[in-house]
Structure formats: C-alpha cells, structure tokens
Amino acid sequence: MALLELSGIEKRFGATAALSGVTLTIQPGEIRALVGENGAGKSTLVAILSGAFAPDAGRMRLAGEPYAPRDAADARRSGVACIHQELCLCPHLSVAENILLGIEPASGGWISRRRALARAAALLSEFGRGEIDPGRRVGSLALPDRQIVEICRALACDARLLLMDEPTSTLQRSNVDRLFRLMRQLRDREIAILYISHFLEEVREIAGTYTILRDGQSVDSGELASVGDGDLIAGMVGRQLQSTLAQGTAPAAPGEPLLEVRDLASPPRLRSVSFELHRGEILGIAGLIGSGRTDLLRALFGLSPATGRLRWRGEDLPAAGLESSRQIRRGLGYLSEDRKAEGLALGLSIADNVTLSRFSTCARRGWIHLREQRKQTEDVLGLLRVRTPGVRSRVLRLSGGNQQKVALGRLLHQDPDLLLLDEPARGIDVGSKNDIYREIGRMAERGKAILMVSSYLPELLSLCHRIAVMSRGRLSPARPASEWTQDSILQAAIGS
Amino acid sequence: MNAAGRRWIVRLGPLLGLAGVVAFFAVLIGSPERYLSATNLRVILAQTVIVALGAIGMTVIMVSGGIDLSVGSSIALTGVVAAVALRGGSPPAAALALGIAAGGAVGAVNGLAITGLRIVPFIATLGMLGIARGAAKYLANQQTVNVPATWINELAVTVPARRWLLVAPGVWITAILAAAMSLVLTRTVFGRHVFALGSNEAAARACGIATGRLKIWIYAMAGLFFGLAGVLQMSRLRQGDPTVAAGAELDVIAAVVIGGGSLSGGEGSIGGAMIGALIMAVLRNGCQQMGWSSYVEEIIIGAIIVLAVAADRYRISRSAEPA
C-alpha cells in the first residue's frame, strides 16, 4: 500500500493559483524527487504536507487513512516530518534537548536528563555520529552536524515520511555525500523521502523516482532511470516563449567599458564572479533563487561585505569596504527584489519616494522645494505611465504594478550610469511589465549599463543583449542572448 | 579558549562582578568591618528583596524572548490591593493571597494581549504600565492606604522579630522561591519549552509546543512574583502607595541582564539574576554609605546597565557561528 497518496491538490492565495492539480504517490522506502522551476509550487506542496495550511481541494491519504494535519505538531504526530532549507533548531538548547523538543522523557513534568541523553546518544550513534556530544549546545555545532540533529529529531518521533526541501543548497560536496549516506540508511528502514532539489545530478544520485511540477501542476512522473535530462528539463520549462516578447533585440554597438568585475565573492553564497559591462548594454543574470544572484547585486552596491576587484570607469576599486551611499555618488543605482521591505518607503508619498536617492535636485540649503519636487516626479511618472491620484498620495495605496514603477522611477530620477535591477518586473501585470521593459531599453539606448537579475527566462532572452548564468555562487561566461535558449539556461543553472 | 571554558566565565562573570563591587566599597569606605557587618548585610538583603522577586519573574519572561515593562506599576497595584484588603478587615493571609493573585491577573492580561491581539510584548506591557498604575491610583483613591499592624509588616523588616531567622522572612522566601524556580526552569518540560520559545519560536512551534498558551502561562506566572513583590513593598512601607516603584521594571530588567540574561531570549538564569539584583543593591547601599548624592548612584547604575547590555551583545556576536 502506498504510504502517501495525493490527488487533485489545489491551493490559491488570493488571485494566484499556487497549486492547480497535484497528484503524487510515494511508497515506504522510496526516495522521490520533486523537481520544477522557481515558483512551480514545490514549497507550497511541502507546506501543505507539513500542516502549515490546508489545501483548497484534493484528496490526501497517509497509509490509507485520510490525512488532514491541523498544524505542524499534528503532522509530526502522524509521522510526517519536514527538514527545511533553513534549519529549524534552537541554538541555545543542547543537542539532546533539540532532538527531543516537544517529546521530552519526563515524569510529572520533570525531565529525566539521563533518559534524554541516552535516547539522543542512541539516535546519533545509529547514524554513526556517536561522537556528537548530546549535551553540547546546538549553536556551537557546524552546519552539517546541525542537519544530523534535525534528522534525528524527525526520527525521534517515528517519522514515516520525510520532506526535505533543498537540503543540499547550502552544503559543500563532502557534506552532501554524508547526507546521502544518511538518506540511504533511512530508505533501508522503510522511511519514505520526498526530496526537493534543483540539482538534477544529485537527484539522479539519490532518488529512484521523480515528479515534475510546472505552474502548480504535476505534469509528469516516473522512474528516473528511464528518462533523460533533456526530457526532465523540457518538462520543467514546458511553456513556449510568450509572443509579446520578441527574442533578442539587436545588440547595441557596445560602448566603452563601464565596470569590470574580477573574482568578486561574498560568502556564503557568492563564490566567484567575473564579468565586464559596457555602456549601452543590458546584461542578464539567470540562475536559481539562492544561487547568489541577489548577493551579486548587493555586493556591487555595498550592501553585503565582499572581496575581489572592481574597475569602475577605469578606476580600480577594491570590493571590500564599499558603502551604498558612496556607490550612489559614483553613479550606481539599485532596485531591490523586495519592494515592500527595501525598494520603497511605503508610508511616504510618491514624490518623496521618487526623489529619495537624489533630493539635492529639488532642495536648497536642506529645504525641499515642493514645486520643483512635484515637477520632477511628474516627469518621471509620465515616462513610466503611472496613473496616480497625485504625487503627494502615499505609495501604500498604489497597485503592485504602479508601486514597482515608482520604485524604478526612483532610479530614473537618480539617473545613475549603472542600474542594478533585481527582478524588476516580477509579480505585476502585463501592461506594467511592458512599460518597465520599454524604459529599461530606453535607459540602455541613452548609454546606461544595466545588470538585471530575473527568474523569468522569456524576459531575459528578449530584453538582454548578453546573458550569464549563476550556479552555486559562480557566474558562467556571458554570451549573446541569441546563443541561449530556455533549456540551455536551465541546464547551466542546475548543472553542478 | 574552548566553548565550555568560555561558558564558565560567562556563568561566573556576575559573581565576580558582585565580589568586585563589594570589595570596591569595602576599600572605599575604609572600614570593612562596619561595611561588612551583619547589620549592613541585613540592610542590603532587605533592600534586594523586591527587585530580586521581580527578577525571578522577569528571567522567565526574558528567557522566553519577551519583556515586561509593567513591573513597577504591578508592584504598586498589588501593594494597594493588599493594603485595601487589610484595611477592610481581611485576614493577612487573604490579603497576601489577593495581592499575589492580582499580580497573576495583570500578567495573564499581558499574555492574552500579546497572543490574542498579536501585540509585541514591549507595547502590550507598556500599555499595562499605564493601566495598572492608573488602576492603583483609582483603588487607593489617589492617596496612600494605611494598614493595621499585622504579621505582613514583619515580612520585609531589616532585623527580623524572631532573631534565629537572622534575616527578614522575605529574604528567606525570595531565596527559596529563587531556588525552586531555578529548578523549574532547568529541569522541567515547562522550563525547556520556555528556553526553546526564546531560542527559536518557529522551531518550538514546529515541534508541537503550543506557544500561545505557553506565553500566557509565562506572563501570568511572572505576574505572581510581581504580586508578591508588591505585597512586600507594602510591607516595607507599612502602607499601600499607588505611586511607589515607578521605574522598578528597569532595575528588574537590569538585574536579569547583569546576571547573564539576553534581551533576545534563550539565555538567562535565576541565579544570575539574583546576583544581578544584589549587585544593584550593593551599589545603592555603597553610594549611600559614602554619602554620595542620589544622582551619583543613578549615573553609576545607568552606566552599569549599558555596560551589561554591551556585554550581552558582545556575547551574542561571539557565540554566532559562521554559517
């Protein structure tokens, strides 16, 4: 009998369908890989299985019984344990206390420390890691050892199904090997594992079966041995290029070099990045979430500590010790992917947001010249076709698309030579997208350089002159957009 | 230095600080025999009791990652409640119980506001700081409440009526409660869950700990200690004073932090907090013995609080592992 059976699982968040029909079965002792692009719905599925929220529709059965966990604790009691990408441990508590958290051996409320230590030690030595002292604080353990603690915690409550959400994304290869040995031990004990990973090589190494999620649907599943990488990737990408985006605009004649980057690194994610960027050029950065794309932009803008060498307008610049206020004065502008937390001051007016990076253009002796500020803001909003109740209204009240335009508008007003754009058109309507694309193109024509991170491959392929792919903190050589396809980009992103 | 050794230093730190402060004043005052006399030690201990009782409750709250700013107001309110009950003819035991229960109720309301209304502890208890103070003034009719002489008045005296007790009964009560709560915090399931909550709330919830209910218990239980502190405050003053203990929460928080508690949760011990309370009492007493004006005392204690929190930050940055 199958351990877990899912059929027709659906989940909506507001207007967007995160899952729209997922069917999946998993047998005891099976390691099934769940693969799909960013945003395909993998994490939503894990959240449903681990009890974070209930599906809107569909059937879930665990070992033949209907399965509807009320919360994480309930899922845990049913034998479904989740091992998150970000480890979920209490750093101040000991190894034993973490393993047995919530199920402490106790009589009358008093913990039996002896029994707790013995139980934890037994679990640790089952995995050949008896040398980890169960009395040691988890905060003082190295990352892979913490993962052992988390797995032991799952087993301490007799887990039958383990959900592993990208457990290797922050691990070195030697630790990946160790984790895989551990997973095989679990498999031999008839424990089922649903293993989420972007890395196809690793998937092939550890999993026997696969299910592909695409746009919230399970589109294909089967034995990994009988399918090629090409078919897997085609299944993950699926959709055709959208017709609104023409492939590869003619590359502008490259201008003079503006920025050269050599061996830029920003631990833990960004390992080694080198590239050149010319005036008038749009360079796209593809890659998986967490591969170091955002870290690259933040390092260049002085928001994350980094090492390496930069050459900016022919002037050598060490990457260590950059500060964002100086980077703005040098002529760099940064658009964060997190509009609400970093991109905008939501409580301030549109005019204040647009002019924030360069108040000097509309201020005299520290006093803001309101008429001048209004005029400059209206100019920028006109370029981006923002419809507003007025430049003094709060950004909070605008739609998502218009908010994103205001965020980009701040960069237009700042008028930097290099625009660092992180997901500039994510999560907004098609009309707003096109306005933003058009303005990015115009900036390039005016001789600006643009470094643009995006998960949406059609957008990269049509807008950028050259594209480079980030994989595990390393950037591939940049090649003309016309030499890339969605498949080849994904291949480069998940090849380890 | 290895991790275990460093932890010992952290544990011993407050004790070394206490020894240092005592030695400092013993030398400064010039007559150690008078400074370290039984009488003066009794004075110091009696002065410690109220902050120490508050610090027991506050340790539990701060280990869980919370904070309570309403301690001073709770002390005033519960003292007034007990005084009004005594004046109305209640037996002393009933007045004592009523005062403690009032503290528990204030704490439970704090816990409910934090979990039910989803207000951060700082704001919820900041509101309670005003509410409880106002309630105390209303109950006391904006005056001090004089109470008839009962055994409650003997709880916090400097020299106990029964000489064989050596120190005031309140000191013994505090010491016993501190020892008991120390065991509860380190040896019970409840205590482990308090630490887990403060260390990583998401992990605690993922492990099936009902974090909301736990928080209500934590604030209510701490409230019982604030209630007892309020009754002892009334006992020392021999009247219920609705304006007493303004700002006491800062002394209490300082005691916990000096004793190794972390403002970000997951760390702290009752023993350390008791030593922290003693350090502050010794400082106060020493400044008084030196005949220094109260402003000197205030500046010194303010500086100690900042230094203790700086040490707390330093400890966190040292214990952070490279990921």
Side-chain angles (χ1 to χ4, degrees), chain A residues 50-52 69-78 80-84 86-94 96-113 116 133 135-146 149-150 153-154 156-157 170-171 267-269, chain B residues 1-8 10-11 62-65 180 182-214 217 221 260-269 312 315-323:
Chain A
S50 58
R70 283 188 307 279
D71 52 29
D74 201 23
R76 205 172 170 224
R77 273 192 296 275
S78 311
V80 177
C82 186
I83 289 165
H84 297 269
E86 304 294 331
L87 294 180
C88 200
L89 294 168
C90 296
H92 300 94
L93 300 191
S94 72
E97 285 163 352
N98 266 288
I99 290 177
L100 300 172
L101 191 56
I103 49 169
E104 294 85 354
S107 52
W110 295 86
I111 291 177
S112 165
R113 208 178 273 194
D133 174 8
R136 193 162 156 194
R137 263 184 169 210
V138 162
S140 69
L141 290 180
L143 192 62
D145 288 350
R146 292 189 207 188
V149 173
E150 184 138 3
R153 179 161 74 192
C157 62
T170 52
L171 291 186
R269 278 202 279 263
Chain B
M1 196 190 305
N2 63 15
R6 219 180 294 133
R7 272 170 71 194
W8 267 108
V10 167
R11 272 191 207 153
M62 284 175 61
V63 165
S64 81
S182 189
L183 281 177
V184 166
L185 212 48
T186 52
R187 298 290 170 88
T188 65
V189 173
F190 169 79
R192 284 300 90 185
H193 288 183
V194 172
F195 271 95
L197 177 63
S199 182
N200 184 345
E201 186 169 347
R205 208 177 302 120
C207 289
I209 296 170
T211 51
R213 212 174 336 144
L214 182 63
W217 277 114
M221 197 175 78
S262 162
L263 288 169
S264 46
E267 270 182 291
S269 72
D312 175 42
R315 229 168 24 229
I316 288 174
S317 70
R318 285 296 295 271
S319 64
E321 286 281 314

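Keep in mind it's a predicted model, so treat the numbers as computed, not measured. Per chain, numbering begins at 1; letters A, B, ... match sequence-line order.
Between chain A and the residues B:Ala204, B:Gly265, B:Ala210, B:Ala196, the most heavy-atom pairs under 4.5 angstrom are made by B:Ala196. Contacts with chain B were tallied for A:Gly109, A:Ala73, A:Gly102, A:Ala81; A:Gly109 has the most, counting heavy-atom pairs under 4.5 Å.
With a threshold of 4.5 angstrom between heavy atoms, B:Leu197 does not approach chain A through any atom at all. Proximity to chain B is absent for every atom of A:Arg77, based on heavy atoms less than 4.5 angstrom apart.
Remark: B:Arg205 CZ to A:Cys88 SG distance equals 9.5 Å, nearest 0.5 Å.
Counting all heavy atoms, side chain and backbone alike, A:Leu101 lies closest to B:His193 at CD1-CD2, 4.1 Å. Listed here is the closest heavy atom pair of B:Val189 and A:Ile111: N-CG1, 3.6 Å.
At least one donor-acceptor pair under 3.5 Å links the side chain of A:Arg76 to the backbone N or O of B:Cys207.
By the side chain to side chain donor-acceptor pair (under 3.5 Å) test, B:Ser199 pairs with A:His92, sequence neighbours left out.
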